[in-house]
Protein chains: 2
Amino acid sequence: MSAPTVYDVAERSGVSIATVSRVYRTPESVRAQTRERVLEAARELGYVPSGNARGLASRTTGVLGLCFPDYADPDAEADAEADSDADDAVMLYSDQIIRGMERAARRHGYALLIAASLEGGPESLVAKVAGRVDGFAVLAQTVPTEDLEVISRRLPVVMLAGPREIDHLDHIVVANADGERELTRHLIEDHGLRRLVFVGGDTDSPDAEARFRGFREACRDAGLPVPDEPALRTTMMKQAEGALAAETLLDRGGERPEAMLFANDQMAVGALRALARRGVRVPQDMAVTGFDGIPLGRIVQPSLTTVRQPIRRLGEQAVELLVQRLSDTGREPVSLTLPVSVIRRTSCGC
Amino acid sequence: MSAPTVYDVAERSGVSIATVSRVYRTPESVRAQTRERVLEAARELGYVPSGNARGLASRTTGVLGLCFPDYADPDAEADAEADSDADDAVMLYSDQIIRGMERAARRHGYALLIAASLEGGPESLVAKVAGRVDGFAVLAQTVPTEDLEVISRRLPVVMLAGPREIDHLDHIVVANADGERELTRHLIEDHGLRRLVFVGGDTDSPDAEARFRGFREACRDAGLPVPDEPALRTTMMKQAEGALAAETLLDRGGERPEAMLFANDQMAVGALRALARRGVRVPQDMAVTGFDGIPLGRIVQPSLTTVRQPIRRLGEQAVELLVQRLSDTGREPVSLTLPVSVIRRTSCGC
DNA sequence: ATGAAAGCGCTAACAA
DNA sequence: TTGTTAGCGCTTTCAT
């Protein structure tokens, strides 16, 4: 009643289990006639090689993994529900990384195991992934550093879009500061704006911090006042928080800013809505920018000026690094920075 | 030098391997103090439980799988390259199914293993997936039926978006015929069009055939001539073929049609471009429709009227069926049909 | 080209 | 609560 094994197939086809094994690993090493007998028996019995047993015996799985955070902007989901036409527009960061990794993994003959989770410890999906792959990529802030510490001693791990955290890991980041600096420069020089405010994220978001750094650099370069801190910080960088931030900024006394730069697109989109509700015209009365390049940014009115991250590339590169390291265990840790590009749309005045 | 095992951890913490195992499976069943000792030892050694060994011993992996075809419309990719702004707009069918399955799998505590491939046989990625999961979903036309035949005798398989092929499989389809009939009815009744042509796909694409069926039903219902065959068939249903089809249809003698209905969005988008090149205005001179609801359809000019498939839902439902069947092996094969909805945009004249 | 035998690292009864 | 003991189904030398 249980699943057939090499033994069953071997018996039925009158060969040894070793031969059955060979048929599935190195078909050419078995005489054609024998091979046919074996495959025939396998077909009759409904034999499917156990990946687990293979992996256990050969100490390799042929699978690469990806752990990403359980981010699901509730507002974004709401969009998808309410306006079913916007459904597919909400393509998250992680979806694109998956795309990139899958393509690259396929090229190298690997399958891809994916799992989202925020919590660590034994029991976690992270642990499950780690135990079933030859190597994997992790989005920053996904897996507790202490777990990673242990895991990365046993198999290749590449950290994506965040600080390396552990110094023997490979990691890949995007040029956050460069992008925000360039974007800010554009607002200042090309649109002649001077009163800019930056809305950041939590201090422990390296991406958001790097973007703020870029903002400051541009201010400094232009001879504008350089703030020590973002005008406002949000914790989750979601749409609702962006909306709230925009309103707070409007209601705050003093001169109204000419431009609001958000640390990510989600917040900027939320802000766009809040500003519309308050009758503030974008970009005439206020320029608004985001960061990331999510598809939603192109669909909103006005379309969002932003900085595009090469997210798919991130996934592809991750696989390349993993594959490299798998074949050369001794290689020094690598650190890559992928370039970004400013996307000028309507919300900045272009 | 090799990876530490339960034995190493057991020895170091002065317990038996069974206890180490328990710490990772059912932490509460171990005295807190003992548990700490074990985890401490594990940390020091860099112990990561082997998923393979676990799976082998427990006969379960905690992983669900998805096999999808190696579809990558070269034209779509070209779009992504040429107009980097359209990059993320090109979100394929499979990406959305992955999204849906991942979400649902996560809810049930499963990770998701994904792999694309067109070829079967031993050695194939399909075989790899089959051997490493508790059950998996297959997009129609992805895995050779004979492989599926064997595999599905050993673990749950659900067929997506296509005929069941093997009668003991669960399967999920979308209401292709209903959608195309409704769309066609819209063109006829609401826009008063009468000379409609349908561009289909290969005869062995069940989706395309079902859509053609819907088209015919609407023609019949409206008292229009009912064609036996699509005006044209393409093999891969890609953009280039759609463009070619549109031109062929234009150059063909006789009265020019008032509307071209394509079996999918990719072809329709290609047609839109070809028509623009030829100076045919859409929708004034010619109505054009697609099927699928890909994001690109909203971005093209004019925006594409189409039928949206609930693709994410497809993925979610697939997981539900797999999970069900995993807990109730005896259940009768299920066949679900998910409803679709007509999306009226500009290309039909709306 | 094929076979024999020894693990691979874990879980799952069953004992204690 | 913890330990003992069999396997789980394959790959891998080493022979033949």
Side-chain angles (χ1 to χ4, degrees), chain A residues 1-38 41-42 45-62 122-123 127-128 130-134 154-155, chain B residues 1-39 41-42 45-63 122-123 127-128 130-134 154-155:
Chain A
M1 183 52 220
S2 83
T5 74
V6 274
Y7 291 94
D8 303 314
V9 177
E11 186 177 358
R12 178 155 195 137
S13 52
V15 300
S16 73
I17 63 167
T19 298
V20 175
S21 177
R22 288 194 188 96
V23 167
Y24 284 87
R25 289 178 298 115
T26 52
E28 327 74 41
S29 74
V30 177
R31 190 158 35 114
Q33 184 188 326
T34 315
R35 194 195 314 145
E36 266 320 311
R37 274 223 314 285
V38 170
L45 292 170
Y47 169 70
V48 177
S50 154
N52 287 322
R54 298 180 90 146
L56 182 54
S58 66
R59 291 112 160 298
T60 153
T61 65
E123 299 305 277
K128 177 178 308 186
R132 315 198 73 91
V133 300
D134 292 338
R154 290 303 151 199
L155 50 86
Chain B
M1 185 52 225
S2 83
T5 73
V6 274
Y7 290 94
D8 302 314
V9 177
E11 185 176 359
R12 178 154 195 136
S13 52
V15 301
S16 74
I17 63 166
T19 298
V20 174
S21 176
R22 287 192 188 97
V23 166
Y24 285 87
R25 289 178 297 118
T26 52
E28 326 74 41
S29 74
V30 176
R31 190 156 39 110
Q33 184 188 326
T34 315
R35 193 195 313 148
E36 265 321 311
R37 276 221 315 284
V38 171
L39 286 174
L45 292 170
Y47 170 71
V48 177
S50 154
N52 287 322
R54 298 180 91 146
L56 183 53
S58 65
R59 296 119 158 299
T60 152
T61 65
V63 177
E123 299 305 278
K128 177 178 310 186
R132 314 197 76 88
V133 300
D134 291 339
R154 289 304 150 199
L155 50 86

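Since the model is a prediction, treat every value here as computed from it, not as a measurement. Below, chain A is the first sequence line, B the second, and so on; all start at residue 1.
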For this session: Find the distance B:L56:CG to C:dC8:P and express it as a whole number of Å.
Result: 13 Å
Exercise. Does A:T34 make a side-chain N or O approach to OP1 or OP2 of C:dT2 shorter than 4.0 Å?
Worked result: yes
Exercise. Does a side-chain N or O from A:T19 land closer than 4.0 Å to OP1 or OP2 of C:dG3, or not?
Worked result: yes
Exercise. OP1 or OP2 of C:dT11 sitting under 4.0 Å from any side-chain N/O of B:R59?
Worked result: no
Exercise. Nearest heavy-atom pair of A:R12 and A:A41: which atoms, and what distance?
Worked result: CG-CB, 3.7 Å
For this session: Report the residue (B:A53 or B:V15) whose heavy-atom-nearest nucleotide on DNA chain D is the more 5′ of the two.
Result: B:V15
For this session: For DNA chain D, just give me the dot-bracket, please: Watson-Crick or G-U, both distances below 3.5 Å, ( ) intra-strand, [ ] crossing earlier pairs, | paired with another strand, . unpaired.
Result: ||||||||||||||||
Exercise. Between A:Y7 and C:dG3, does any side-chain N or O lie under 4.0 Å from OP1 or OP2?
Worked result: no
Problem set entry | Spacing between B:Y47 atom OH and C:dG9 atom C1', to the nearest angstrom | 7 Å
Problem set entry | From A:T5 atom OG1 to A:Y7 atom OH, the distance as rounded to the nearest 0.5 Å | 7.0 Å
For this session: Can you spot which of B:V30, B:V20, B:V6 makes a side chain to side chain contact (heavy atoms under 4.5 Å, CB included) with B:V38?
Result: B:V20
Exercise. Between the side chain of A:S50 and the main-chain N/O of A:A53, is any donor-acceptor distance below 3.5 Å?
Worked result: yes
Problem set entry | Under 3.5 Å donor-acceptor, A:R35 side chain and A:P27 backbone | yes
For this session: Heavy atoms of chain B, cut-off under 4.0 Å: which first and last nucleotide of DNA chain D, 5' to 3', fall inside that, if you could look?
Result: D:dT1 to D:dG9
Please tabulate the protein-to-nucleotide N/O contacts below 3.5 Å involving nucleotides 12-16 of chain C, giving atom names and distances.
| unit_1 | atom_1 | unit_2 | atom_2 | d |
| --- | --- | --- | --- | --- |
| C:dA12 | OP2 | B:R25 | NH1 | 3.2 |

Problem set entry | Rounded distance in Å - CD (B:E11) to P (C:dG9) | 15 Å
Exercise. Atom CZ in B:R31, atom CZ in B:R37: separation rounded to 0.5 Å?
Worked result: 7.5 Å
For this session: Go through B:R132 and B:N52 one step at a time and tell me if the side chain to side chain contact (heavy atoms under 4.5 Å, CB included) criterion holds.
Result: CA-CA 9 Å; B:R132 314 197 76 88; B:N52 287 322; 2.6 Å; yes
For this session: Provide, to the nearest angstrom, the distance between the CZ atom belonging to A:R31 and the P atom belonging to C:dA1.
Result: 9 Å
Exercise. Say you draw a straight line from CZ of A:R22 to OG of A:S16; how long is it, rounded to the nearest 0.5 Å?
Worked result: 6.5 Å
Exercise. B:Y24 and B:L39: side chain to side chain contact (heavy atoms under 4.5 Å, CB included), yes or no, with the steps?
Worked result: CA-CA 9 Å; B:Y24 285 87; B:L39 286 174; 4.0 Å; yes
Exercise. Can you tell me how far OG1 of B:T60 sits from CZ of B:R54, rounded to the nearest 0.5 angstrom?
Worked result: 10.5 Å
For this session: Just call it for B:V20: base, sugar-phosphate, or nothing, with non-hydrogen atoms closer than 4.0 Å on any strand.
Result: nothing
For this session: Search all heavy atoms of B:R154 against all heavy atoms of A:P4 and return the closest pair with its distance.
Result: NE-CD, 3.1 Å
